[in-house]
Amino acid sequence: MPDPLTPQAETPEKTPEAIPYAPARNPRFSFEDPQISPAMKRWGIRLLVIITGLIILQIPLWLIGDLSKERETQSVSAENAIASGWGQKQAVGFTLTKNSEPDKLNVKTVLSPEIRYRGIYQTAVYVSQSEIVAEYSQANRVIEFCVSDINGLMDVSAKINGEDAAVNTDGAGNIQVKIPEGVSGKIKCAVSLKLRGTGYFAVTANARSNNIEISGNWNSPNLAEGILPDSRQVDGDKFSASWQINNFVRKPGEYGRAAVSLKIAAGTYQQLERVMNYATFFLIVFFFTLVVGEAVTKTEIHPLQYLIAAGAPVLFYLMLLAVGEKTGFAIAYLVSATVIVFMVTAYAKMFMQRFLPAFIMGAVFAASYIVNYFILQMEDFALLSGTVILAIVLGVVMLLTGKMNQKSVE
């Protein structure tokens with residue numbers, strides 16, 4: 001028995017063992033969950049890379065679009081420079097004075113267009129030959145008509161009632177025809193007019209009755225910048241249009257115009273702008289093709305290779321702009337698409353190490369370029385055809401991805 005007077009050693013008091021803190025695990029979001037397989041993690045990273053790539057690649061696309069607009073502005077400056085040396089847009093019309101308004105006006109004009117270049121830029125210019133007949137029930141001793149740019153005047157002659165008449169110009173665009181002495185009563189003024197101009201030609205219909213015909217060698221005339229013609233015909237590289245305009249019901253001082261614009265149809269800059277509307281869609285198709293190729297071939301593509309490969313379809317637009325300024329849009333599209341498809345196919349062969357999957361990937365990408373080109377050619381049906389193709393592509397994607405999670409559900 002222990003002596004109560006003898007001090008005893010203190011016995012350490014037992015404390016409960018500390019239980020380490022373990023936070024609650026959420027199996028849905030934890031990357032340590034055994035239900036999340038390495039394959040799912042890998043595809044999650046792929047999806048993140050693709051979304052990031054789509055966002056980053058909008059920057060070079062925007063820069064290319066901005067460069068295209070800058071080059072188009074330079075093209076307009078070049079057109080103005082050519083027009084200043086050749087002749088500006090031309091509009092022909094008789095000057096109306098008191099007691100001198102034509103009863104009838106008949107105009108037949110033949111345009112002979114050609115393309116002029118300033119550096120790499122091109123502009124449509126023309127030489128017009130007009131035969132103008134104006135009939136007056138009464139007229140002043142001087143009949144006056146005008147052209148927009150007198151500097152483009154090449155030749156002019158006039159007859160009054162079949163007799164040669166003197167013609168003078170005042171340097172301000174007004175051409176005066178003096179009625180010979182002894183001629184009175186009804187006046188028939190016939191004018192032969194030869195002009196140089198750029199891009200646009202018009203006749204002001206300021207008689208009581210106007211019959212105007214304009215024809216020429218051009219495959220894409222714009223006839224909607226004035227009064228629409230009563231009849232028009234475009235046959236290959238030739239066109240003709242005619243107007244019959246009655247000005248009895250016109251408002252005072254308002255006169256219609258029969259006009260033709262000789263713009264170069266859908267030039268490189270306009271076409272490039274339309275192509276770039278589909279740029280993001282093409283990138284999505286490209287990434288989807290890589291994903292499918294990786295899944296089919298069981299080859300793991302490094303995320304960096306995704307981004308490097310995506311540089312090719314972006315380079316396509318810069319190449320299209322650079323080559324198109326030299327060769328025109330159609331040839332530039334063919335060259336650019338061929339180069340990019342070859343680059344993509346060769347690069348895919350390197351990381352897939354198999355020719356057939358790489359070839360199929362290149363074929364899919366080439367098909368997308370072909371489809372896009374034909375959409376561009378269908379100007380009136382571009383939106384409809386593009387929407388139908390997008391619906392088909394989305395349907396295929398739904399079909400291929402509809403059962404992706406079937407194994408994990410089971």
Side-chain angles (χ1 to χ4, degrees), residues 50 53-54 57-58 60-61 64-65 68 219-220 264-297 306 308-352 354-401:
I50 290 173
L54 288 174
L57 291 174
Q58 298 304 311
L61 289 175
I64 294 172
S68 175
N219 57 4
S220 55
I264 299 175
T268 298
Y269 305 110
Q270 294 80 10
Q271 290 276 37
L272 178 63
E273 182 179 357
R274 293 174 59 196
V275 170
M276 294 194 69
N277 290 333
Y278 301 93
T280 301
F281 169 72
F282 265 82
L283 287 175
I284 294 174
V285 171
F286 180 76
F287 280 126
F288 178 74
T289 306
L290 287 178
V291 169
V292 173
E294 183 175 359
V296 171
T297 60
Y306 271 85
I308 294 175
V314 174
L315 179 62
F316 166 79
Y317 300 102
L318 183 60
M319 188 178 298
L320 182 59
L321 172 61
V323 179
E325 289 183 333
K326 299 290 186 180
T327 64
F329 180 79
I331 297 177
Y333 193 97
L334 176 62
V335 172
S336 303
T338 302
V339 171
I340 297 304
V341 169
F342 176 79
M343 290 175 61
V344 170
T345 304
Y347 191 52
K349 169 64 171 58
M350 292 175 64
F351 57 70
M352 287 185 176
R354 294 169 61 185
F355 175 75
L356 183 59
F359 176 79
I360 295 176
M361 182 181 297
V364 171
F365 206 45
S368 64
Y369 278 126
I370 294 173
V371 170
N372 190 30
Y373 182 80
F374 282 105
I375 290 177
L376 294 174
Q377 304 310 305
M378 297 184 291
E379 296 184 0
D380 296 332
F381 298 95
L383 179 60
L384 176 61
S385 56
T387 303
V388 171
I389 291 173
L390 285 175
I392 294 174
V393 172
L394 180 59
V396 173
V397 172
M398 289 180 174
L399 181 63
L400 294 176
T401 61

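Annotation: side chain of F286 is in contact with side chain of L290 (closest heavy-atom distance under 4.5 Å). Contact check for V323 versus I331: no side-chain heavy atoms found under the 4.5 Å cut-off. Inter-residue side-chain proximity for M350 and Y347 is flagged as met; some heavy-atom pair is nearer than 4.5 Å. For the pair M343/V339, a side-chain contact is recorded, criterion being any heavy-atom separation below 4.5 Å from C-beta on. Residues F365 and P313 form a side-chain contact, since some pair of their non-hydrogen atoms from C-beta on lies under 4.5 Å apart.
Partner of L320 under the side chain to side chain contact (heavy atoms under 4.5 Å, CB included) criterion, out of L272, I340, L315, I64: L272 alone.
Checked by atom type and distance alone, the side chain of Y333 pairs as donor or acceptor with a backbone atom of Y369 at under 3.5 Å.
Counting non-hydrogen atoms of other residues, nucleotides and ligands closer than 6.0 Å to CD of Q58 gives a total above 12.
In this structure, Y373 and A330 approach most closely via the heavy-atom pair OH-CB, 3.7 Å. Here the shortest heavy-atom pairing between A358 and K349 reads CB-N, 3.5 Å. Taking all atoms of both residues into account, the shortest heavy-atom contact from F316 to V275 is CE2-CG1, 4.2 Å.
The line from CG of L334 to CZ of F329 is 11.0 Å long, rounded to the nearest 0.5 Å. To the nearest 0.5 Å, atom CD of residue Q271 and atom CD of residue E273 are 10.5 Å apart.
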Mind running side-chain contact (heavy atoms from CB on, under 4.5 Å) on L283 and L57 for me, showing each step along the way? CA-CA 9 Å; L283 287 175; L57 291 174; 4.0 Å; yes
